[in-house]
Protein chains: 2
Amino acid sequence: MSTAHGARARARIEVTAAIKDEARKQLAAEGAAKLSLRAVARELGMVSSALYRYFPSRDDLLTALIIDAYDSVGEAAEAARDTADAAGPVQRWIAVCEAVREWAFAHPHEYALIYGSPVPGYIAPDTTVPPASRVGLVLIGIVRDALRGPGLTMPPLPAELRPEAERMAADIAPDLPPAVATALVAAWAQMFGLIGFELFGQFHRVVEDRGTFFRHGAGRLAAGVGLR
Amino acid sequence: MSTAHGARARARIEVTAAIKDEARKQLAAEGAAKLSLRAVARELGMVSSALYRYFPSRDDLLTALIIDAYDSVGEAAEAARDTADAAGPVQRWIAVCEAVREWAFAHPHEYALIYGSPVPGYIAPDTTVPPASRVGLVLIGIVRDALRGPGLTMPPLPAELRPEAERMAADIAPDLPPAVATALVAAWAQMFGLIGFELFGQFHRVVEDRGTFFRHGAGRLAAGVGLR
DNA sequence: ACTAAAAAGAGAGCACTGCTCTTGCTTTGG
DNA sequence: CCAAAGCAAGAGCAGTGCTCTCTTTTTAGT
């Protein structure tokens with residue numbers, strides 16, 4: 001077991017969690033750029049150098065927060081999918097999109113951390129890949145179900161894109177037609193375009209009734225993938 | 001004239017430009033977070049406090065760079081529109097999208113500055129609004145031209161979105177049908193979703209032939225607005 | 001059960017940051 | 001011609017990430 005190694009290992013887990021919690025608090029309050037190791041340590045009543053026993057650098061702390069954020073938004077998407085279980089594919093798609101949007105507005109700085117500009121010089125380790133895929137996998141699942149249920153309207157696929165479309169489909173969802181997989185990836189990115197523009201203020205003085213606007217946009221994305 | 005105020009005013013303009021140039025250099029090299037007033041001053045052979053005569057704070061320098069970046073990408077979009085003058089609306093739309101994408105990859109840190117996460121605590125002054133509108137205005141212009149030329153396929157507009165759609169159209173392009181204006185705003189945000197995801201590494205191990213993928217995506221956005 | 005090794009905390013220190021304040025010098029305009 | 005405004009320089013403050021050394025505590029092997 002992981003608790004087999006006595007009191008020290010247990011303490012380590014607790015301290016690590018406390019550091020992440022405090023860091024998340026500061027992240028939510030001030031954003032990633034103002035997240036300070038020294039401030040975290042100060043708040044926890046420890047000296048700054050002691051913190052380096054748990055996270056070798058500020059970037060490592062950020063990486064931990066990034067993974068947690070991906071898991072958090074992924075969980076929100078999965079929960080929305082499960083709640084809208086009985087509804088049709090389009091309704092479930094929209095429900096998931098709205099859940100992601102709501103998560104983004106509840107955790108703006110964490111959203112910025114994972115979907116905004118990457119911290120300069122920072123390179124995400126491969127550890128972040130699986131958590132980062134969760135939202136995409138939810139969307140893939142909805143389309144997959146639709147394929148076995150009411151079917152899909154096949155999106156267009158020009159000849160020049162066919163090789164890449166087949167490669168992508170084989171990579172991310174071998175049971176989906178290449179045209180659908182391609183449209184899905186595009187819709188996935190476009191959804192975050194809508195959310196990001198709204199969250200980062202680009203809709204200022206442009207869109208007012210943003211909830212309705214987004215709901216309609218999400219529906220059109222679903223149509224673009226072929227859901228009906 | 002602006003040169004009426006003698007040598008001192010001229011020097012001020014030159015020094016201001018030199019500061020912005022050096023700042024842009026550092027921005028391109030290391031990103032906004034590592035842009036340091038002291039380093040800029042050092043490189044220019046002046047002491048850091050002297051720089052505050054030109055920009056009252058780091059944020060003010062960033063604001064100047066943001067405005068320049070918006071103007072730069074706007075200019076790129078306008079140039080692409082003018083070059084593709086003879087082509088049809090869809091071709092011109094795609095040309096503009098590709099120009100924006102190319103600008104983004106030529107100036108990744110400037111792109112992150114204006115379309116990525118806003119600097120925490122930073123609030124964009126209204127001075128940035130007109131430059132920020134230029135890309136959108138180019139897209140509006142293409143759709144407007146299409147309306148007077150080959151016509152448009154009207155995008156769907158649900159009843160619940162009609163009031164907001166009419167508000168938006170009146171605000172940004174009174175000569176466009178509300179359904180078109182709404183689809184246009186969405187397509188505008190979605191295009192930056194595609195570009196941002198590619199630029200910020202979300203397509204890592206997902207999309208390989210990204211140029212072809214984007215070209216097709218831009219075309220589908222055009223279709224979503226009703227261009228044909 | 002004892003001891004060598006590993007882990008953890010504390011503190012000082014380095015090089016850097018944004019920003020302020022004071023002190024002189026130079027250009028400008030009445 | 002001379003006061004006023006503009007500008008540069010330097011010192012200094014409070015903060016940052018990170019490293020190094022020193023001491024104490026806990027673990028693990030014989």
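First the proteins, then the strands, lettered A, B, ... as listed; each starts at 1.
One can place CG of B/Asp60 at 13 Å from P of C/dG18, the figure rounded to the nearest angstrom. We find that CZ of A/Arg42 is positioned 13 Å from P of D/dA14, with the value rounded to whole Å. Put simply, CZ on B/Arg8 is 15 Å from P on C/dC25, counting in whole angstrom units. B/Leu35 has its CG atom 17 Å from the P atom of C/dC16, to the nearest Å. As a whole-Å value, the separation of B/Glu30 CD from C/dT17 P is 11 Å. Computed from coordinates, the A/Asp59 CG to D/dT16 P distance equals 17 Å when rounded to whole Å. Here the P atom of nucleotide C/dC16 and the CZ atom of B/Arg58 are 17 Å apart, to the nearest Å. Distance, A/Leu37 CG to D/dC18 C1': 9 Å, rounded to whole Å.
The residue B/Phe55 sits apart from the nucleic acid: no heavy atom pair falls under 4.0 Å. Residue A/Leu61 is classed as having no contact, given no heavy-atom separation below 4.0 Å to the nucleic acid. Here B/Leu51 lies out of heavy-atom contact (under 4.0 Å) with every strand. Residue contacts for B/Ser57: at a heavy-atom cut-off of 4.0 Å it reaches the sugar-phosphate backbone alone, with no base atom in range. Residue B/Ser49 is classed as a base contact, given a heavy-atom separation below 4.0 Å to a base.
A/Asp60 and A/Thr63 share no donor-acceptor pair across their side chains, judged by distance under 3.5 Å alone.
The shortest distance between the side-chain N/O atoms of B/Arg12 and the OP1/OP2 oxygens of D/dC7 is below 4.0 Å. Residue B/Tyr52 places none of its side-chain N or O atoms closer than 4.0 Å to OP1 or OP2 of D/dA8.
Side-chain rings of B/Phe213 and B/Phe203 approach one another, their centers coming within less than 6.0 Å.
Cation-pi geometry between A/Arg58 and A/Phe55 is not met: the NZ or CZ atom fails to fall both under 6.0 Å from the ring centre and inside 45° of the normal.
The side chain of A/Tyr54 sits closest to C/dG9 out of D/dT16, D/dC7, C/dG9.
Of the two residues contacting DNA chain D, namely A/Ala39 and B/Ala50, the nearest-nucleotide position lying further toward the 5' end is that of B/Ala50. Mapping A/Arg53 and A/Arg38 onto DNA chain D by nearest heavy atom places A/Arg38 at the nucleotide closer to the 5' end.
Annotation for A/Pro108 and A/Leu199: closest pair CB-CD1, 4.0 Å, computed over non-hydrogen atoms.
Between B/Glu98 and B/Arg101, none of the side-chain N atoms (NZ, or NE/NH1/NH2) sits under 4.0 Å from a carboxylate O, so this pair counts as no salt bridge.
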